[in-house]
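The block underneath contains the structure these notes are about, expressed in structure tokens.
Throughout, residue positions are numbered sequentially from 1 according to the sequence presented.
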Amino acid sequence: METAEIRRRWLTFFEAKGHTVVPSAPLIHEDPTLLFVNAGMVPFKPYFSGQETAPYDRATSVQKCVRTGDIDEVGKTSRHGTFFQMNGNFSFGDYFKREAITFARQLLTTSQPEGGYGPDPERLWATVYEDDDEAEQLWLEITSIPAGRIVRRGKADNYWHMGVPGPGGPCSEIFYDRGEEYGVDGGPAVDEDRFMEIWNLVFMQYRLSAVRSKTDFDVAGPLPAQSVDTGMGPERMASILQGVDNMYEIDEVYPVLEKAAEMTGRDYGTQSGQTAGDSHPDDVHLRVVADHVRSSLMLIGDGVTPGNEGRGYVLRRMLRRAVRAMRLLGYDEPALPHLMPVSMERMSASYPELRTGFDRIAQIAYAEEQAFRRTLVSGTTILDTAVSKTKQAGGDTLAGAQAFALHDTYGFPIDLTLEMAAEHGLKVDRDGFVRLMDEQRQRAKADAGAKKGGHANTEVWKDLRSLGATDWRAYEELTTTGSIVGLVRDGARVEELEPGQTGEVVLDRTSFYAESGGQVADGGVIVVDGARPVVRDVQRPVKGLVVHSVEVADGPVRVGDEASAEVDPQWRIDACRALSGTHVVHAALRQVLGPSALQSGSYNKPGYLRLDFAWNRGLSADTRAEIEHVANLAVRDDLPVAADWMTLPEARDRGALALFGETYGEQVRVVEIGGEWSRELCGGTHVRHSSQIGALTLTGESSVGSGVRRLEAFVGMNAPAHPATERALVAELSSIIKAPAADLPERVGELVARLREVEKELDKVRREQVAASAGSLTDAAREVAGVTFVGRHIAGGAPDDLRQMVTDTRARPGEERPSVVALTGDGPGKPVIVVATNEAARAKGVKAGALVRVAARVLGGGGGGKDDWPRGGGRDAAKVEDALSAVERELGA
């Protein structure tokens, strides 16, 4: 019985018993205490806790669930999986223990032709809470399970609560004895691999006043209305009804495992014991692939995207574990494009939305694999070297500095380093890693206010600062007059800068804005006795000192010269537009997304702004459009822009936002746009009214780190230029395709469809050519040690083509004649070989798997698989003929 049928029968049975069928909630639920829905009752928690009144007395559902607490155990046991489904039936003050046990007994023991599940009733066991006499008596009364197969267990196993004060009560679980080949006898308390739990009946009958742990809580008294929460695992039931050893081998999971085994040339199950816990490492890797591909498919389908924290990090970890498991099995090419569609085909029987949304799902998954492949190539080599050196030195712990380097330079998450090191028998100095991460954060804060290259020698600037602080007039004036108090070249003080030289100029008074708070420095010139050094940068290497980096085109420029600092007025107004635009976008962002969307960094230059903000998912096109609309409304409304100095406590009392983790002095500058609409601490230069921003066009939104998104925008004259560029692009496409702009989507879609048809035709021609070349294969047959042997290279032969060809060709000499067919072809970027044997050859002792491995070694790779037609591959396409010769020699030996 397929899993989808188990699901269907569940819902049909309980609907007939008066239950309302409730669709599965998405894996992302509004419960703030959970990353994902992790149990079938989660959507019903408000009803059980009394926060809301249930709209029905009894309900049933098949709920999608994800649990990741035991992710490291996936593939090693028969019970642990990340994604699973939970069949549930629920009573909200309606029926209780008797009906719950009756329903369970009826659905389980009814034969399959009559609509039940029909496992062997002699293999069923039940457990009850140690003090629940009522439940035990009901099992004896209602079912045929004898007293010897009803076991009492304590709070750790048979008592349920939410972990907080509220409803709770005893459980009664149903187990299935899978037989002595799966473990020792004695019931669920002895061996839960042999005795598999398939159904849990929770009887909510008490109100808990305090919950200190799973087994330590206070019972205040009975609930006013007793309820039932049950959960039956369809994956576990499927493993029983389908006669397989574990959940990885059921119909919804095994096809991915089988595909992965085929791609890697592994023969699943031949080197493992009966239980998942007695498994060869290759089989564990294959199960990890099958589980994580399915889980990732379901998570992306429900709106999760890979990221560096929270839900996104869980998804990223599973996708990367699947990809890495394939690499450990010897498959170095992109794997998800082959595996994800297989999972979708199986899961869409129950969740058809996966098929309709698969393009989006695939795009997200495949992009993450490509990113991780780049990370693995560089980082794995470094880790292997570090591991080797650690072992050679007799150590058992990878240094925190090495783990930090992998994270900082190669993007390796720390948990991947921990996992890979453990596979080599090493620990990781995690405390050292954390310490270095903290130091990096401190350096990053320091770097934000650090000087640029030419300002590294702070002693020079301290000496100049001792002459007095710079009279800084950037807020009030664009042009100031003063004198040159210092010149610096190559880190040393000089008396003059000659034409053609670059250096730093210190004035006693300046109107130039020095780069800070994400705003770039002003551009302009310093006029000195006819010379006009061009200002390229302005910094504050030490507090109170403003330093201008200049290029001297004519001159010379000398210490003591009178000078005029002249800011380019267009540069300044465009820079003001960008900074004020950043404040407007930030306010609009918070208005649309909420107060948690807090700015974490920015960069502004004339005509352009970039704003980083705390958010853990990408913004939809509609959300971006709304943010842009709100921002432009503020521009249109000509809001006044004002700046005022006050103490930090006063600024906080007024609700001003302090950003970037900067250190503020006693007096801070608060910039308001439209009064309370935007109020932030800021030391930059601004427009006087919001209308002076001109216009604002969002041009991009992306991820830049763990829980941080980035918005980019043009302002001023750059804003209309961006859509103008896009209009020009649309016009160019219209001209090329010869269609009006409004028809472009349809016409492009038609072109794509035609291209796909052409590709199909080309593929058909290729297959016909391959098939034509296969027609004469038996003409090249030779007798080798009493076996008819065909060995040939098929140019352009893909793995699927070769498999069909060897299957057809091996039958041509007749089944009574031992025959072996070995064909090489062109895999995705590397040669492949497929070997097929007929029954007579296998009876003679010919092992196709051994022949494939011989050939694969010649090709520089590996292989294996089923005895009748395994496959392998390698990297050296020039040795395909040598590989075929090796097969022939092995056959003759």
Contacts of [X] that satisfy side chain to side chain contact (heavy atoms under 4.5 Å, CB included) - sequence neighbours left out:
X    : result
S111 : P113, E114
N38  : L34, V42, R67
P26  : D302

(message) As a quick check of understanding, evaluate side-chain contact (heavy atoms from CB on, under 4.5 Å) for T82 and H292, giving each step before the final call.
(response) CA-CA 7 Å; T82 50; H292 287 5; 4.0 Å; yes
(request) Determine whether more than 12 heavy atoms belonging to other residues, nucleotides or ligands lie under 6.0 Å from atom OH of Y206. (result)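 No, OH of Y206 has 12 or fewer neighbouring heavy atoms, counting only those of other groups under 6.0 Å.
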(request) Decide if atom CD of E353 counts as having more than 12 heavy atoms of other residues, nucleotides or ligands within a radius under 6.0 Å. (result)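 Buried by this count: over 12 neighbours within 6.0 Å.
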(request) Under the side-chain contact (heavy atoms from CB on, under 4.5 Å) rule, what do R294 and V256 come out as? Steps first, then yes or no, please. (result) CA-CA 8 Å; R294 185 171 79 138; V256 178; 6.0 Å; no
(message) Can you classify the ring geometry of F83 versus Y351 as parallel (below 30°), tilted (30 to 60°) or perpendicular (above 60°)?
(response)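 Ring orientation of F83 relative to Y351: perpendicular.
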(request) Measure up the F44 and Y47 rings against each other and bin them: parallel (under 30°), tilted (30 to 60°), perpendicular (over 60°). (result)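 Because their plane-to-plane angle lies in the 30° to 60° range, the rings of F44 and Y47 count as tilted.
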(message) Assess the residue pair E249 and Y268 against the criterion (side-chain contact (heavy atoms from CB on, under 4.5 Å)); give the C-alpha distance rounded to whole Å, side-chain angles, the decisive distance to 0.1 Å, and a yes or no.
(response) CA-CA 10 Å; E249 298 172 12; Y268 174 75; 2.7 Å; yes
Under 6.0 Å between ring centres, would you say that holds for [X] and [Y]?
X    : Y    : answer
Y95  : H19  : yes
F217 : Y159 : yes
Y129 : F203 : no

[X] bridged to [Y] by N-O distance under 4.0 Å:
X    : Y    : result
D133 : R152 : yes
R194 : E181 : no
R373 : E369 : no
E252 : R7   : no
E197 : R153 : no
E141 : R105 : no

(request) Find out whether L140 and Q137 are in side-chain contact, i.e. whether some heavy atom of one side chain is under 4.5 Å from a heavy atom of the other. (result)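 Yes, side chains in contact.
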(request) Evaluate the side-chain proximity of L319 to F372: yes if any heavy-atom separation is below 4.5 Å, no if none is. (result)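 No - every pair of side-chain heavy atoms lies 4.5 Å or more apart.
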(message) Between R149 and L124 (side chain of the first, backbone of the second, donor and acceptor by atom type, cut-off under 3.5 Å), is there such a pair?
(response)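 Between the backbone of L124 and the side chain of R149 there is a qualifying donor-acceptor contact (under 3.5 Å).
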Rounded distance [0.5 Å steps], [atom1] in [X] versus [atom2] in [Y]:
X    : Y    : atom1 : atom2 : result
M237 : Y176 : CE    : OH    : 9.0 Å
M232 : E173 : CE    : CD    : 14.5 Å
E262 : E258 : CD    : CD    : 7.5 Å
W139 : D132 : CH2   : CG    : 11.5 Å

(message) Walk me through whether T68 and R317 qualify under side-chain contact (heavy atoms from CB on, under 4.5 Å).
(response) CA-CA 10 Å; T68 58; R317 187 181 181 198; over 6 Å; no
(request) With P119 as reference, evaluate I198, T109, L108 under the side chain to side chain contact (heavy atoms under 4.5 Å, CB included) test and give the passing residue. (result)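 Of I198, T109, L108, side chain to side chain contact (heavy atoms under 4.5 Å, CB included) with P119 is met by L108 alone.
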(request) Test ring pair (Phe, Tyr, Trp, His ring centres under 6.0 Å) on F195 and Y182 and set out the steps. (result) CA-CA 8 Å; F195 298 88; Y182 291 93; over 10 Å; no
(request) Compare every heavy atom of A104 with every heavy atom of I174, then report the nearest pair and how far apart it is. (result)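 That closest heavy-atom pairing would be CD1-CB, 3.8 Å.
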(request) Kindly give the heavy-atom pair with the smallest separation between H161 and S213, and that separation in Å. (result)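 Between these two residues, the closest heavy atoms are NE2-O, 3.4 Å.
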